[in-house]
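What follows is one structure encoded as structure tokens, with my remarks underneath.
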Amino acid sequence: MKENLAAEEEFNPIDNIITPRLKLIADLIEKEESVLDLGTDHGYLPVYLRTGGNNSKIILSDISKASLKKAKHNCRMLTPSKSFDFRQGNGLKIIKKGEVDDIVIAGIGGNLMTDILGRDLAKARAAKKLILQPRTAQGRLRQWLIKKGFGIKEEHLVKEGRFICEVIVASYFQEIDEEMQIDAHGDSILWEMPSWLVKQGGGLLREYIEAKLERERRILRSMGNSKNITKQDLAAVEENIRYLESCK
């Protein structure tokens, strides 16, 4: 009977809501670190952090008034005894330089991330770390980070539904490895599937590579049906396929 009561007491309603992607991001944040969850939407990540014992400042921000209202409601329902800092606004304008340790931006495109961080670069550089989960343009984001002096500390792959998501952790104070000084355009496959991610390995890596290979093969097949494709265009896609094959 006592064991059953203990199990009930340990039950956390957010466990049934938090996604693998958000749980991974939460696991990258230390309990004593303050956090900005930029574009918080439902507010599930901050709620999960609070229930996990993070009692530092947690700022939930969103440019959408409706989204922030939704986050406030979820915080009240799921963690009525916990406090949060809600701020409506655009990008990093809603914080002071050095106000938080970690800046989390998840679920938007890599190009938009570079725009947000670039508009307030001093604030981005003052953070202990950036935790970024880009939906698109991952290569351009990596190139931008390195170009602006952010060392990539670690990367992770996590599956959510049928998608494999990338989570990039970067810091301005992190030494930039020579391997990350890639002399190529941000759209290059070398940035999209960097050597350090390949070396890291992991259970999802092969599936991730195969997905990119299938995309390149589809592009190659579609090129065969077009009369406006140059030899250089074909060669570029074929080179991408060879590179990805070598990563397996």
Side-chain angles (χ1 to χ4, degrees), residues 11-136 141 150 156 158 160-161 165-172:
F11 172 74
N12 184 350
I14 193 65
D15 288 336
N16 291 333
I17 299 172
I18 198 76
T19 65
R21 175 177 60 94
L22 292 180
K23 187 178 185 304
L24 171 62
I25 291 172
D27 289 343
L28 296 170
I29 299 169
E30 301 295 331
K31 288 185 178 180
E32 70 277 4
E33 291 177 339
S34 55
V35 183
L36 166 64
D37 184 23
L38 197 156
T40 192
D41 196 26
H42 290 84
Y44 291 149
L45 175 63
V47 167
Y48 188 76
L49 291 172
R50 275 284 187 260
T51 58
N54 186 318
N55 295 314
S56 298
K57 176 185 286 188
I58 299 181
I59 302 172
L60 293 80
S61 80
D62 209 294
I63 195 170
S64 165
K65 185 177 181 180
S67 290
L68 203 59
K69 183 178 180 180
K70 181 170 52 181
K72 288 179 181 179
H73 171 78
N74 288 333
C75 288
R76 285 196 302 269
M77 292 296 292
L78 294 167
T79 51
S81 63
K82 305 293 184 180
S83 63
F84 298 90
D85 188 340
F86 300 94
R87 302 183 191 181
Q88 184 188 353
N90 191 1
L92 301 181
K93 297 186 184 303
I94 52 88
I95 62 167
K96 298 176 182 177
K97 180 181 176 182
E99 188 175 0
V100 294
D101 295 311
D102 300 343
I103 295 173
V104 176
I105 312 177
I108 63 174
N111 288 330
L112 182 53
M113 287 185 183
T114 63
D115 289 343
I116 291 169
L117 297 169
R119 286 198 299 266
D120 289 280
L121 192 55
K123 292 179 183 177
R125 285 174 169 169
K128 182 178 178 181
K129 63 178 181 279
L130 308 177
I131 303 176
L132 309 171
Q133 187 268 301
R135 290 287 191 193
T136 59
L141 176 61
F150 292 91
H156 300 272
V158 59
E160 189 162 287
C165 305
E166 297 161 79
V167 178
I168 300 169
V169 182
S171 171
Y172 187 61

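Just so you know, residue 1 is the first one in the sequence shown, and it goes up from there. What you are looking at is a predicted structure, and each value in this text was computed from that prediction instead of being measured.
In this structure, the side chains of L36 and D102 stay at 4.5 Å or more apart for every pair of heavy atoms. The shortest distance between side-chain heavy atoms of N54 and Y48 does not fall below 4.5 Å. A heavy-atom distance below 4.5 Å is found between the side chains of F86 and C75. With contacts defined as side-chain heavy-atom distances shorter than 4.5 Å, the pair L130/I105 does not qualify. Within the 4.5 Å cutoff, no side-chain heavy atoms of I59 are placed close to those of V35.
Looking at residues two or more places apart in sequence or on another chain, you find a salt bridge (Lys or Arg N to Asp or Glu O under 4.0 Å) between D41 and K70.
For the 3.5 Å distance criterion, the side chains of D101 and S34 qualify, holding a donor opposite an acceptor.
Although no hydrogens or angles enter the test, the distance criterion places a donor-acceptor pair under 3.5 Å between the side chain of S56 and the main chain of E32. With hydrogens and angles disregarded, no donor-acceptor distance shorter than 3.5 Å links the side chain of T79 to the backbone of V47. R21 places no side-chain N or O within donor-acceptor distance of the main-chain N or O of I25, the cut-off being under 3.5 Å. The backbone N or O of L60 lies less than 3.5 Å from no partner atom in the side chain of D37, so there is not a single donor-acceptor pair. Within the 3.5 Å criterion, the main-chain N or O of S64 finds no donor-acceptor partner in the side chain of S67. Looking at N74, its side chain does come within 3.5 Å of a backbone N or O of H42 through a donor-acceptor pair. A distance-only check finds a donor-acceptor pair linking the side chain of K129 to the backbone of L28 [under 3.5 Å]. Put simply, the side chain of Q88 never gets that close to the backbone of D62: no donor and acceptor are under 3.5 Å apart. Proximity of a side-chain donor or acceptor of K123 to a complementary backbone N or O of L92 within less than 3.5 Å is detected.
Ion pair R119/D115 not flagged as a salt bridge, since none of the NZ, NE, NH1 or NH2 atoms sits closer than 4.0 Å to an Asp/Glu carboxylate oxygen.
Evaluation of the salt bridge (Lys or Arg N to Asp or Glu O under 4.0 Å) test over residues 79-88, restricted to residues two or more places apart or in two chains, returns D85-R87, R87-E99.
The shortest non-hydrogen separation linking I103 to A127 is CD1-CB, 3.8 Å.
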- Item | Steps toward side chain to side chain contact (heavy atoms under 4.5 Å, CB included) verdict (E33, K128) | CA-CA 9 Å; E33 291 177 339; K128 182 178 178 181; 2.7 Å; yes
